[in-house]
Amino acid sequence: MEGNGAEDGTVFFDRSVGDFTFQRHERLSGPDFKRAMRTGRRRVGQCVTLWAYHRPDTPPPPARLGVVVARRHGGAVQRNLFKRRTREVFRTHKPWPRGWDFVVAPKTPGPFPPPTPRCGGCAEHNP
């Protein structure tokens, strides 16, 4: 990983752009999805339910994410919006602990609340 810095040596980013993408090997699918939900630890929050399963592989592989949204949570647009926002949180808050599979499901029915502003007061995001 290489940082981008100013001439005085200040490093703005300590990760490359590729680290922020949601890569294929980070996507949970197939039988691993069911295994994480059946045997993983479950935590129920105010808005989402999270299952976390630790894989015993050595060395620990990167964390993976799966998102489940039932039809009772709204139409396809609402369900896909929840999936996109959940993946964005996963993508932008790396690194996650290696060797874990996470499954996220909304607890409350849609429509889902709007995202919080990314920046703290610019005119673009806070008109």
Side-chain angles (χ1 to χ4, degrees):
M1 290 187 237
E2 194 170 340
N4 299 333
E7 294 177 6
D8 63 350
T10 305
V11 176
F12 299 114
F13 303 103
D14 59 347
R15 300 188 309 179
S16 64
V17 174
D19 292 343
F20 289 104
T21 60
F22 187 69
Q23 299 178 359
R24 190 153 192 79
H25 68 273
E26 296 172 328
R27 185 170 300 211
L28 191 60
S29 62
D32 296 334
F33 216 102
K34 292 181 180 177
R35 181 182 61 188
M37 291 181 76
R38 285 187 189 149
T39 60
R41 298 177 191 169
R42 188 177 68 138
R43 301 292 274 179
V44 179
Q46 188 174 5
C47 298
V48 297
T49 302
L50 171 73
W51 289 268
Y53 174 76
H54 186 261
R55 289 178 283 163
D57 300 342
T58 305
R64 297 185 296 181
L65 174 70
V67 183
V68 177
V69 187
R71 286 190 172 184
R72 66 183 169 97
H73 292 289
V77 172
Q78 289 295 318
R79 295 193 315 261
N80 288 333
L81 177 67
F82 178 81
K83 291 178 185 178
R84 284 196 309 270
R85 287 180 179 167
T86 304
R87 287 187 199 121
E88 183 172 345
V89 169
F90 184 82
R91 182 181 63 80
T92 57
H93 288 80
K94 291 179 183 177
W96 292 89
R98 296 181 69 87
W100 286 87
D101 291 339
F102 299 103
V103 177
V104 177
K107 186 177 174 191
T108 57
F112 302 106
T116 58
R118 292 182 182 173
C119 54
C122 72
E124 180 181 350
H125 293 111
N126 297 317

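Computed from a prediction, not measured in an experiment: that's the story for all the values here.
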Quiz prompt | Passing candidate, side chain to side chain contact (heavy atoms under 4.5 Å, CB included) with L28, options V103, L65, V67, V104 | solution = V103
Quiz item: Quick one: NZ on K83 to OG1 on T86, what's the gap to the nearest 0.5 Å?
Solution: 10.0 Å
Quiz item: Relative to the ring of F90, is the ring of F22 parallel (under 30°), tilted (30 to 60°) or perpendicular (over 60°)?
Solution: perpendicular
Quiz item: In Å, rounded to the nearest 0.5 Å, how long is the span from CZ of R87 to CZ of R27?
Solution: 5.0 Å
Practice problem: Using the rule that two of Ile, Leu, Val, Met, Phe, Trp, Tyr join whenever any of their side-chain heavy atoms come within less than 4.5 Å, decide whether V48 and Y53 are in one cluster. | Solution: no
Exercise. Treating Ile, Leu, Val, Met, Phe, Trp and Tyr as nodes and any side-chain heavy-atom pair under 4.5 angstrom as an edge, say whether W96 and L50 lie in one connected cluster.
Key: yes
Practice problem: Drop me the distance from Q78's CD to H73's NE2, to the nearest 0.5 angstrom. | Solution: 11.5 Å
Self-check item: Distance, nearest 0.5 Å, that separates CZ of F102 from CH2 of W51
Solution: 14.0 Å
Quiz item: Just by modelled atom types, is the A76 backbone N or O under 3.5 Å from a matching donor or acceptor in the N80 side chain?
Solution: yes
Quiz item: Ignoring hydrogens and geometry, is there a side-chain-to-backbone donor-acceptor pair from R42 to M37 under 3.5 Å?
Solution: no
Quiz item: Is the shortest heavy-atom distance from the side chain of P62 to the side chain of R98 under 4.5 Å?
Solution: yes
Quiz item: Rounded to the nearest 0.5 Å, how far does CZ of R35 lie from CZ of R55?
Solution: 7.0 Å
Quiz prompt | Reported NE2-to-CZ distance for the pair H25 and R64, which is rounded to 0.5 angstrom | solution = 10.0 Å
